[in-house]
Amino acid sequence: MRAINIRPSRGAALMLGCLPFALLILAYLVGSALRLADNPADKLLPSLTTLATSIDMLAFSVDRRTGDVLLWADTLASLSRLGLALAISTALALVIGMAAALLPIMRALLSPFVDFVSMVPPLALLPVLFIVMGLGEVSKVALIVIGIAPILIRDLTLTATALPREIIVKAETLSASTWLIGLRVVLPQVLPRLIDSLRLQLGPAFLFLIAAEAISADAGLGYRIFLVRRYLSMDVIFPYVAWITLLAVLMDIGLSLIRRRLFPWAEGAR
Amino acid sequence: MTGITVDRVWKEYGDQIVLENLSFEIAPRAFVALVGASGCGKTTFLRMLLGQEVPSRGRILLDGVPLPPEPGPDRGVVFQRYSVFPHLTVLGNVLLGPELRANRLTGRSFGAARRVLVEQAMQMLAEVGLAGAEAKYPAQLSGGMQQRLALAQALMMRPRVLLLDEPFGALDPGIRAEIHALMKRLWHEVPMTVVMVTHDLREAFGLASRVIAFERPRDRPEERQRYGATLTKDIAIWPPRVAGGQTMYDTDTLARQDDLTFARAAAGTTR
């Protein structure tokens with residue numbers, strides 16, 4: 001039988017999916033044991049006990065200096081920046097993207113500019129943002145928005161303009177105005193793609209968040225990682241990285257569920 | 001009432017002449033089939049009737065008034081594909097037109113107003129044989145059902161002219177015969193003029209009251225650019241088919257009626 005025709009059963013598929021994770025953990029444990037046997041003071045690959053102690057200290061005990069539980073304070077700070085930035089980017093995408101998609105005049109006005117701005121490397125703008133907007137929250141949120149909004153806008157415009165022309169003409173014969181075509185015909189058909197697009201931009205959004213926090217912040221997941229890196233505190237960095245990844249994965253799954261719940265008709269089309 | 005007047009209409013795209021010097025009249029309540037080889041401009045002509053394209057020269061009048069340069073609710077349309085909205089249920093698709101017409105800001109009806117529209121929509125769905133499929137999405141319907149839905153959706157607006165662009169071209173022969181019977185019945189019952197583009201001559205002669213053929217009189221390769229297609233044959237079906245009436249050749253349509261609509265048609269229709 002050809003390899004392309006061999007399909008794993010459900011159980012086997014689950015096992016196969018877990019295998020890389022198990023291998024990664026195993027590799028870590030072996031590497032950690034070997035290094036610690038060589039030098040008990042090694043900080044690069046801390047043992048499980050050390051990790052557990054650190055996690056307990058970060059996630060379940062109050063920090064004596066700030067009076068907060070560090071992990072939760074950092075998570076709250078980071079997620080509120082990220083959430084605000086994602087909300088602003090989505091709103092911008094809806095307003096600018098829909099205007100450019102529906103109205104040829106707005107497309108002529110906005111598309112070249114958005115295409116141009118989307119090519120500016122956001123991290124190169126970071127110093128400018130910090131200088132112009134100060135070191136507070138605004139510059140961090142602005143960095144994420146500048147990083148992901150142009151991509152969301154372009155993707156939404158492309159999706160909307162790729163709708164068959166017949167759909168728009170049909171809506172016109174059903175007495176729809178430009179506004180109603182946007183509201184009831186084009187918007188509902190681009191929203192599922194907007195959610196997917198947002199899912200794809202979660203990675204870049206976290207990247208920009210951590211980059212901004214690394215340079216200037218007093219709380220946040222990225223701030224903590226870059227703070228403790230001076231002391232080679234891998235026992236803090238590893239749990240933080242795992243936690244950030246978990247947050248991103250959960251957001252991705254959440255958005256995917258929302259999409260499936262709100263737009264059942266879009267499942268068959270993919 | 002004068003139906004549709006086509007007055008010295010030309011259509012050019014840059015240097016390419018597609019249609020040249022079309023002049024004819026379409027009587028009210030006629031069922032015109034437009035036939036011709038691929039690329040002879042029949043779809044372009046339909047788009048001009050629709051308002052999706054504007055003639056380069058000449059004009060088209062509907063009941064003596066020049067057509068506005070964009071599509072509107074007085075001209076309904078069914079395309080071969082993409083005629084229904086994939087994000088709305090069957091009921092939502094049929095409701096959309098009336099809802100949009102009544103609510104210019106939100107595009108949605110609520111409460112009692114919605115109940116009235118839903119009742120009309122359900123009647124229309126029963127009329128085209130889609131009763132029971134209200135909650136499905138178009139992707140869950142067969143091609144024939146989707147075209148029935150597209151017809152129902154267009155007819156909800158009570159258009160004066162119904163434009164069909166190869167609407168049944170992609171359907172299986174059996175399904176096509178059923179939907180032909182439905183189309184014939186709708187033309188008899190609904191006060192509208194029908195213009196249908198088709199490449200199927202049997203369909204054209206089987207349904208229409210008049211068959212019009214577009215052809216390029218000069219079709220040598222070096223002539224194709226500068227000479228467009230024009231009206232070459234204009235055949236009135238004999239004995240004449242009259243909307244609302246039946247000729248001796250149509251008596252067999254009842255027997256071939258698909259069973260979904262048969263009972264209703266036999267008992268007398270709702271309109």
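Letters A, B, ... are given to chains in the order of the sequence lines, protein chains preceding strands, and every chain is numbered from 1. What you see is a predicted model; the values in this text were computed from it and never measured.
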Which of the residues [options] is involved in the greatest number of heavy-atom pairs with chain A at under 4.5 angstrom?
options                      : result
B/P86, B/G76, B/P159         : B/P86
B/D74, B/V78, B/L163, B/L105 : B/L105
B/E70, B/M156, B/Q52         : B/Q52

Examine whether an atom of [X] lies under 4.5 Å from a heavy atom of chain A, and if so say whether it belongs to the side chain, the backbone or both; otherwise answer neither.
X      : result
B/F79  : side chain
B/N103 : backbone
B/Q153 : both

Within the distance-only criterion (no hydrogens, no angle test), does the side chain of A/K170 pair as donor or acceptor with the backbone N or O of B/A150 below 3.5 angstrom?
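Side chain of A/K170 to backbone of B/A150: a pair is present.
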In short, A/V185 meets B/F85 closest at the heavy-atom pair CG1-CE2, 3.7 Å
Closest heavy-atom pair and its distance - B/L100, A/A176:
CD1-CB, 3.6 Å
A/T173/B/R75 under side-chain contact (heavy atoms from CB on, under 4.5 Å): CA gap, chis, key distance, verdict:
CA-CA 6 Å; A/T173 68; B/R75 285 150 291 150; 5.6 Å; no
Examine whether an atom of A/L183 lies under 4.5 Å from a heavy atom of chain B, and if so say whether it belongs to the side chain, the backbone or both; otherwise answer neither.
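The answer is the side chain of A/L183.
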Does any part of the side chain of A/R184, heavy atoms only, come nearer than 4.5 Å to the side chain of B/L88, both counted from C-beta?
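Yes, at least one pair of side-chain atoms sits under 4.5 Å.
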I want to check something: taking the side chain as every heavy atom from C-beta on, are A/W265 and B/T89 in contact at a cut-off of under 4.5 Å?
no
Within a reach of under 6.0 Å around [atom1] of [X], are more than 12 heavy atoms found that belong to other residues, nucleotides or ligands?
X      : atom1 : result
A/R107 : CZ    : yes
B/R104 : CZ    : yes
B/Y13  : OH    : yes
B/R160 : CZ    : yes
A/I105 : CD1   : no

